**Student:** 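Here's a structure for you.
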Protein chains: 2
Amino acid sequence: MRKVTINDIAKVLNVTPSTVSRALAGNLRVSLKTRELVKAKAKEMGYKPNSMASALRKGTSDTIGIIIPRINRHFFSNIISGVQEVLDPAGYNLMVMQTGESLAKEKKAIETLMNNRVGGLLLSISSETQNGDHLSEVIQSGVPLVQFDRVLSEVQSVKIVNDNRQGAYIATKHLLKMGYKRIAYFGGNPKLDTYINREKGYKEALSEYDVPIDSSIILHDTITRITGKEAMVSLVKKKKIDAVFSAGDYSALGAIDALKQMGLSAPEDYGVVGFANEPFSEIMSPSLSTVEQFAQEMGNKAAVAIIKSIKEGPMNYIETIDTRFIGRESSIKS
Amino acid sequence: MRKVTINDIAKVLNVTPSTVSRALAGNLRVSLKTRELVKAKAKEMGYKPNSMASALRKGTSDTIGIIIPRINRHFFSNIISGVQEVLDPAGYNLMVMQTGESLAKEKKAIETLMNNRVGGLLLSISSETQNGDHLSEVIQSGVPLVQFDRVLSEVQSVKIVNDNRQGAYIATKHLLKMGYKRIAYFGGNPKLDTYINREKGYKEALSEYDVPIDSSIILHDTITRITGKEAMVSLVKKKKIDAVFSAGDYSALGAIDALKQMGLSAPEDYGVVGFANEPFSEIMSPSLSTVEQFAQEMGNKAAVAIIKSIKEGPMNYIETIDTRFIGRESSIKS
DNA sequence: AACAAAAATACAATCGTTTGTATTATAAAC
DNA sequence: GTTTATAATACAAACGATTGTATTTTTGTT
């Protein structure tokens, strides 16, 4: 019941293992006749290549590692799906690691993947990660790296990101067009590029409409349903705002919770726009205006980039994916 | 810049590679003194084990494969999360494969994982899968198998499933208690155990309340938002029902879409209960009564089972996880 | 001090591929 | 028909860890 190996095939056909290996790989150094003979025999004998042996000898495998903060987040699971869409037909496998936003776990994940001799590494950093010190091993070893969504700009690699600035800009502009003037900003971790850029886009739109930027209504770490709700209650009480652009849908949802609780509503009393197009944003009532990010596409691009990097050596460029504004009830006054 | 190997350490310390290997593995055959010496030197030299070499020699790896229909589905991504929660601290890695509900892809995934000499296999079958023929290779090779959520009962393995019957039973009973009498059933693929059991639970509750079972209001393959809406429109027009128990939240959402469109509402005119506790079910309006499945817990249990199977050899039992009914606006008449 | 028993380490084969180099077989050239 | 070029295959050494067996060293006993 032992597995059939290349050597077994070689013995049966009275050739050497090297010939079998080359034949199976389609190497032109072995004649067409033998190539076909070997392939047929391999199939007949039920040969299954041992990826471990191959990886050991070659020093690299057909497995690609991906590291993300959380797999059970709509955005990231869609990215994975997009990655596999490309990797699968190309013959690569995917090993998934989660950091749970912890730098320590991120380091461990990188180490594990390196020990497994992955052919390439896809990474979206944890919110704790401040620099690329822990990536030096990856860079030095020559294993190609592709960063996506949350990237460290200091680290040399392909970077695939959303145009967060543009998305936030359009969303904020939309609110301005609808006549809202005092628009709050709810952001996340202010150290992440993602949120830095969303804030930039927000400010840019305000400036364009000559609306003064008021730092007292620009909030950070206000990205969950709970914190969004609390912030909204407070801002409404202070009568400081007439709308919110939230850098996440959850905090936008929280804002709407707050309005409902206070007997107010969107878009009549306050305009609300989120970011991410979470599945619930369309379903909730009022439905939530938001910015759609193309996660699947991001996954596709990251996968294409890693395959290219594997074949042609590490590269270094940034690719930006446009976002799309989706206007819904929460911000469209009739 | 070459990687440090066990042999390098051996040379430096003037011992043999076997001693180093055993020392690093904590084997008592090597003296405490050498063990500590080796470990220290390994650390000093920046030794990183080569998982491939180890896997080749041992014939198995510390990687566990998981096969699911779709990763970007809330339920499954939460299972993965739960699996990793257990696997991670135990030193196992996870390789994730998606079938997209295709049997052909499922076969390929199994082959790939077997070629990668995974230590164990976690599987939730595709909706196309009818039998376990393609699993014979796994069973024969002795690689432990754990099925979860969607399982083939004919195949010998650990099986971790939700108590779908119980969940459906409680949900239907709840509708009956609320005074609804003519309750439709919206199901999925009627060949999957999952839906067979939900239908069973539904019927059981009806029988208990002496409500006759009417096959004209028992619908299969009605599990998406669209099909749920269409079915609801049709049933309401025919005045056949006063409530729906849907085996999925999406079709329940569709049913509510239908009601809204016809100027009707839940729970006043029709009661609606879903299944799955999708994130949107709490957020939508009216909020949706549903049955919560503990995906994370299922993942935990599957992971524990696979580790146990790896250590103690393949096992064969079924573990059932209770579901929990969550009553919300869509079915609670005041 | 001699010997047995136990502990520690060394030796060597092995896992299944891959790949550079050497060798043999075939074809082409004169 | 010999020489040269080319195609096809064989040989053999890796890749890095693991593990059964053999050997050496240490410890204990009398």
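Convention: sequence-line order gives letters A, B, ...; per-chain numbering from 1. What's counted below: heavy atoms across the whole structure, side chains too, no hydrogens, waters or symmetry copies. A quick note: this is a predicted structure, and the numbers were derived from the prediction, not measured.
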**Student:** Would B/T16 and B/T19 count as having a side-chain donor-acceptor pair, cut-off 3.5 Å?
**Tutor:** yes
**Student:** Restricting to salt bridge (Lys or Arg N to Asp or Glu O under 4.0 Å), what partner residues turn up for A/K301, sequence neighbours left out?
**Tutor:** A/E297, A/E319
**Student:** Could you give the CG-to-P distance, from B/L24 to D/dG16, as a whole number of Å?
**Tutor:** 15 Å
**Student:** Figure out the NZ/P separation between A/K33 and D/dA7, and round it to whole Å.
**Tutor:** 17 Å
**Student:** Both B/L56 and B/L32 contact DNA chain C. Which one's nearest nucleotide lies toward the 5' end?
**Tutor:** B/L32
**Student:** Does the distance from a Lys or Arg side-chain N to an Asp or Glu carboxylate O, for B/E128 and B/K105, drop under 4.0 Å?
**Tutor:** no
**Student:** Give the B/S/- string for nucleotides 17-27 of chain D, one per nucleotide from 5' to 3', where a protein heavy atom under 4.0 Å of the base yields B, of only the sugar-phosphate yields S, and otherwise -.
**Tutor:** BBBBB------
**Student:** Rounded to whole angstrom units, what separation is found between the CE atom of B/M52 and the C1' atom of C/dT18?
**Tutor:** 16 Å
**Student:** Between B/K41 and B/E44, is the salt bridge (Lys or Arg N to Asp or Glu O under 4.0 Å) condition met? List the steps.
**Tutor:** CA-CA 5 Å; B/K41 194 49 116 182; B/E44 179 197 324; 3.4 Å; yes
**Student:** Using the side chain to side chain contact (heavy atoms under 4.5 Å, CB included) criterion, which residues pair with A/S77? Sequence neighbours excluded.
**Tutor:** B/N72, B/S77
**Student:** Could you check whether B/S31 gets within reach of a base, just the sugar-phosphate, or nothing at all, counting any heavy atom under 4.0 Å?
**Tutor:** sugar-phosphate
**Student:** When the distance from CG of A/D8 to C1' of C/dG16 is rounded to whole Å, what number comes out?
**Tutor:** 10 Å
**Student:** With no hydrogens and no angle check, just 3.5 Å: does a side-chain donor-acceptor pair link A/T99 and A/S102?
**Tutor:** no
**Student:** When you look at B/S21 and B/S18, which way does the side-chain hydrogen bond (donor to acceptor under 3.5 Å, both in side chains) test go after all the steps?
**Tutor:** CA-CA 5 Å; B/S21 173; B/S18 55; over 6 Å; no
**Student:** Considering every strand and a 4.0 Å limit on heavy-atom distances, what is the contact class for B/N14: base, sugar-phosphate, or nothing?
**Tutor:** sugar-phosphate
**Student:** Do A/E101 and A/S126 pair up side chain to side chain, a donor and an acceptor below 3.5 Å, judged on atom types alone?
**Tutor:** no
**Student:** Atom CD of residue position B/E85 - does it have more than 12 heavy atoms of other residues, nucleotides or ligands inside 6.0 Å?
**Tutor:** yes
**Student:** Whole Å only: how far is the CG atom of B/L13 from the P atom of C/dA10?
**Tutor:** 10 Å
**Student:** Rounded to whole angstroms, how far apart are NZ on A/K3 and C1' on C/dT14?
**Tutor:** 19 Å
**Student:** According to side chain to side chain contact (heavy atoms under 4.5 Å, CB included), who are the partners of B/Q130, at least two apart in sequence or on a separate chain?
**Tutor:** B/K191
**Student:** Under the side chain to side chain contact (heavy atoms under 4.5 Å, CB included) criterion, do B/M315 and B/K308 qualify, and how do the steps go?
**Tutor:** CA-CA 9 Å; B/M315 315 199 241; B/K308 200 149 184 256; 3.2 Å; yes
**Student:** Detail all sub-3.5 Å separations between protein N/O atoms and N/O atoms belonging to nucleotides 25-27 of chain C.
**Tutor:**
none

**Student:** Starting at atom NZ of A/K11, determine the distance to atom P of C/dG16, rounded to an integer number of angstrom.
**Tutor:** 11 Å
**Student:** Looking at five pairs on each end of the helix from C/dA1-D/dT30 to C/dC30-D/dG1, what is the angle between the two axes, given to 10 degrees?
**Tutor:** 40°
